[in-house]
Amino acid sequence: MPKFESVDHLNEYRRQLRARRDPSQPQVLVCAGPGCLPLGSEEVAAAFRAQLEERGLGAQVALKASGCHGLCARGVRVLLRPQEIAYQKVTPDDVPEIVETTLVGGGVVERLLHEEPETHEICRHKGDIPFYRSQQAIVLRKLDVIDPESLDDYLALGGYRSLRKIFFEMTPDEVIEAVERSGLRGRGGGGFPTGRKWRICRDTGDPVKFVICNGDEGDPGAFMDRAVMEGDPHAVIEGMIIGAYAVGARRGYIYVRHEYPLAVKRLQLAIQQAREAGFLGRNILRSGFDFDIQISQGSGAFVCGEETALIASIEGHIGEPMPRPPYPAVSGLFGQPTIINNVETWANVPEIINMGPEWFAAIGTEGSKGTKIFSLVGAVHHSGLVEVPMGTTLRQIVFDIGGGIPGGKAFKAVQTGGPSGGCIPAEFLDLPVDYDSLQQVGSIMGSGGLIVMDETSCMVDVARYFIGFLYEESCGKCTPCREGLKQLKKIYEDITHGRGEEKHLTLMEDLCAVMASASICGLGQSAVNPVLSTLKYFRHEYEAHIRDKKCPALVCRPLLKYTIDPETCTGCLACVRECPVGAISGVKKEAQEIDQELCIKCGLCFEVCQFDAVRRE
Amino acid sequence: MDAARLEAILSRYEGEPYDLIPVLQEIQDNYGYLPKDEVKEVARRLNVPLTQIYSVATFYKMFTLVPKGRHQIKVCLGTTCHLKGGLRLVDSLSSRLGVEVGYTSKDGQFSLETVGCLGSCAQAPVMMVDDRYFARVTVDKVPKILKLYQS
């Protein structure tokens, strides 16, 4: 890779690169995204490498480990281009057949194709699969076609071409104006207009400013930022260069959680490649603009996703938020004006410059422009990453894209926005999803976690889970959050242990009112959403726990009773071996019995029984 | 204290107070915990009070002041894993290894931890042993997974 001295040099390199690439060359793209890695995608890629070598096809076929292909539920996914054949659930054992049938023979391995759960429609090409058909990919569009470790792959698809436009055709003010006109709002949770934030920062006139990419994706159930950092790291860097030029910053930080080691590795490599190619460093492409980026790793604290806590963490302190104002755009890192945007926001910026703000503003709703990535998980057939225009309804996301609820179970709720979000019931399935509509029903967009729950989920337990999570993660600085969460946690323990009282419900509402208005940062202010939304839409479940001492969904452990049906039990002793407290006794090949005094209701016996002999009520 | 080992880490930094967290991260990765003597030396070299290091080391979850086991087990308790029975995995591991969450087994082989979210939600419940992910883990798979690491 040369060091690009000018835009002409870059354009010439790109032209030659494209001329060298044969669009009809067979490509095998093995998904190495967050969903497929744990399913063994590295082994699948290794099997392809070995097979291609063995058959002497190593030079003719381009084998790549790509970023996330989206449909994680059917991993390991393999995409064969240029035909766009999408294989699913591929194991190393399937590889010889794929090579023989598709790469050599030009046919299709039918058994590895996608089958729709309800209609049993077989989909040969990626574009035929309903999951992909209803999406519109801007940020995710390159993830399944490039090797994230190859700068050439990024350049061949037009990477870094926005730099010509901003450096040589636009003033920093015009860049900010373009981002303002696009209507882009922060994808990390708050939804603050990105262009306005940049203008506030630029208008300070301070000569020393910083830009930060917030990659501290801590919301349980959200993995879109991980997928983008791992799958298209140069898009984040390109976005940050544009932002830095617009506000006049010389230095940037990418703050990534240490739980995402692959994202750290990919970003480090991408930064190094960008430096060597001259996209970072001094006098970038002879524009006279200097900018460089370094990585700062999180150390495991959810609150560091909050911007002032993140800044404290980069400065070497514990992640305690500061009251705002002043906002970081005025006084941020080391007291200097600082722009913080999240990964998905930065990754949108290059396309806004390339395609123009009007193109972007034409997508989405009145108040929320562009697309949003959701991590669609939980009780849904097609869990994975989806990118849809703002304003797509929950029904379209859960049923058309997600394929609906498995096992013939009934939809109960969808939880959005992570621990700061709420649970939305079935009556709002036709709600067009954007920042404002979600807020109106008591939830938030957050970073885009979208967890589908069916009748087997207990909404009291879900709220208890989030309160427990936030209690652990509260930094403890301000009283409403620290003490409020402690009290809420205690009340949830009482309710789920059968000690709940009617007055608890009003007490919880009172506590929430104080926390929402008096906590310093978003963690405490929005911690009330899981509580209030479940109290509002699923009050009957709370009442069942309090009045009848029952958990209707059979989730809350202390309210359950496990017994063994002597008719069905075969006496295999699997439950006896698993029981952690020795509460199950009996003779081999005879029916077992659970000692109710000893039983801790962990449900391990229920899970290991192969004969459905353990009853839960 | 192995001075050369610590020096190799400190030499990559400017020695400013804001280097504290990356330096501690490297020590944690390198030693598996934050040894007392090394931490004292870091305080001296970065000109940071020992109390601030203690505050940082106990605030962030990745740091520990006691050595961890040979293999680190992390069970994901993100929302999806919670809904799909992640807690039962914790119970099963805890009972099989005889170790509570946050502690190390007596033989020093395994440390058991729970984490907020590993970001592989589509494969819930998920657990990790060292750097390897295990997808869609049911309780009956636990003994097989442990066997891979029990020497």
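In this structure, chain A has no heavy atom under 4.5 Å from any part of Leu89(B). Proximity to chain B (any heavy atom under 4.5 Å) is restricted, for Ala222(A), to the backbone atoms N, CA, C and O. Only the side chain of Val303(A) comes within contact range of chain B, with at least one heavy atom under 4.5 Å from a heavy atom of that chain. Interface remark: Glu473(A) contributes side-chain atoms only to the contact with chain B (heavy atom separation under 4.5 Å). Residue Cys475(A) touches chain B through both its backbone and its side chain, counting heavy-atom pairs closer than 4.5 Å. If you measure heavy-atom distances from Ile314(A) to chain B, the contacts under 4.5 Å come from the backbone alone. Contacts between Ile451(A) and chain B at a heavy-atom distance below 4.5 Å involve the side chain alone, from C-beta outward. Only the backbone of Leu118(B) comes within contact range of chain A, with at least one heavy atom under 4.5 Å from a heavy atom of that chain. For chain B, no part of Ser296(A) is nearby; none of its heavy atoms comes within less than 4.5 Å. Using a 4.5 Å cut-off between heavy atoms, Val581(A) makes no contact with chain B at all. His382(A) does not touch chain B: none of its heavy atoms, backbone or side chain, sits under 4.5 Å away. Using a 4.5 Å cut-off between heavy atoms, Asp225(A) does not touch chain B at all.
Counting heavy-atom pairs closer than 4.5 Å to chain A, the top residue among Ser94(B), Ser92(B), Pro17(B), Pro22(B) is Ser92(B). Chain B forms the most heavy-atom pairs under 4.5 Å with one residue out of Cys36(A), Cys579(A), Gly316(A), Pro261(A), and that residue is Gly316(A). Top candidate by heavy-atom pairs under 4.5 Å with chain A, chosen from Thr79(B), Leu20(B), Ile21(B), is Thr79(B). Counting heavy-atom pairs under 4.5 Å between each of Gly218(A), Gly378(A), Gly40(A) and chain B puts Gly378(A) at the top. With chain B as partner, the option from Ala227(A), Cys72(A), Cys458(A) having the largest number of non-hydrogen pairs under 4.5 angstrom is Cys72(A). The greatest number of non-hydrogen atom pairs below 4.5 Å with chain A, out of Val126(B), Leu83(B), Asp140(B), Leu24(B), is found for Leu83(B). Of the listed residues Cys121(B), Gly116(B), Gly78(B), the one with more heavy-atom pairs under 4.5 angstrom with chain A than any other is Cys121(B). Of the listed residues (Val115(B), Val142(B), Leu87(B)), the one with the most heavy-atom contacts under 4.5 Å to chain A is Leu87(B). Taking Glu259(A), Met453(A), His258(A), Glu472(A) one by one and counting their heavy-atom pairs under 4.5 Å with chain B, the maximum is reached by His258(A). Comparing Ala301(A), Ala574(A), Gly319(A), Pro580(A) by heavy-atom pairs within less than 4.5 Å of chain B, the highest count is held by Gly319(A). Taking Phe302(A), Tyr260(A), Tyr465(A) one by one and counting their heavy-atom pairs under 4.5 Å with chain B, the maximum is reached by Tyr465(A).
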| task | Start with the C-alpha distance between Asp91(B) and Arg88(B), add both sets of side-chain angles, then the distance that settles salt bridge (Lys or Arg N to Asp or Glu O under 4.0 Å), and finish with yes or no. | result | CA-CA 5 Å; Asp91(B) 287 331; Arg88(B) 283 201 289 278; over 6 Å; no

| Can you list the steps and then say if Val452(A) with Asp454(A) is a side chain to side chain contact (heavy atoms under 4.5 Å, CB included)? | CA-CA 7 Å; Val452(A) 183; Asp454(A) 64 16; over 6 Å; no

| task | Just do the side chain to side chain contact (heavy atoms under 4.5 Å, CB included) check on Arg132(B) and Tyr149(B) with the steps written out, would you? | result | CA-CA 11 Å; Arg132(B) 180 164 170 199; Tyr149(B) 298 90; 3.9 Å; yes

| query | Given the rule in the side-chain hydrogen bond (donor to acceptor under 3.5 Å, both in side chains) test, do Ser120(B) and Tyr133(B) qualify, once you have shown the distances and angles that lead to the verdict? | reply | CA-CA 9 Å; Ser120(B) 288; Tyr133(B) 290 92; 5.2 Å; no

| Evaluation steps, salt bridge (Lys or Arg N to Asp or Glu O under 4.0 Å), between Lys68(B) and Glu113(B) | CA-CA 10 Å; Lys68(B) 285 194 183 176; Glu113(B) 282 174 51; 3.0 Å; yes

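Ion pairing between Arg12(B) and Glu26(B) holds under the 4.0 Å rule for side-chain N and carboxylate O.
Arg577(A) is not listed as a side-chain neighbour of Val608(A), based on a closest heavy-atom distance of 4.5 Å or more. The shortest side-chain heavy-atom distance between Glu217(A) and Met224(A) falls under the 4.5 Å cut-off. Side-chain atoms of Phe466(A) and Asn529(A), non-hydrogen and from C-beta on, never get closer than 4.5 Å to each other. Considering only heavy atoms from C-beta on, Lys40(B) comes within 4.5 Å of Leu50(B) through its side chain. Residues Val75(B) and Leu112(B) form a side-chain contact, since some pair of their non-hydrogen atoms from C-beta on lies under 4.5 Å apart. When side chains are defined from C-beta on, Ser299(A) does not count as touching Ser313(A), because their heavy atoms never get closer than 4.5 Å.
Side chains of Thr138(B) and Glu607(A): a donor-acceptor N/O pair is absent below 3.5 angstrom, by distance only.
A side-chain donor-acceptor contact under 3.5 Å links Asp130(B) to the backbone of Gln72(B). The backbone N or O of Val76(A) lies less than 3.5 Å from no partner atom in the side chain of Ser41(A), so there is not a single donor-acceptor pair.
Residues of residues 95-111 of chain B having a heavy atom under 4.5 Å from any heavy atom of chain A, listed by number: Ser95(B), Arg96(B).
Both the sub-6.0 Å distance and the 45° axial angle are not jointly satisfied by Arg226(A) relative to the ring of Phe223(A).
The neighbour count for Phe334(A) CZ, taken as heavy atoms of other residues, nucleotides or ligands under 6.0 Å away, is above 12.
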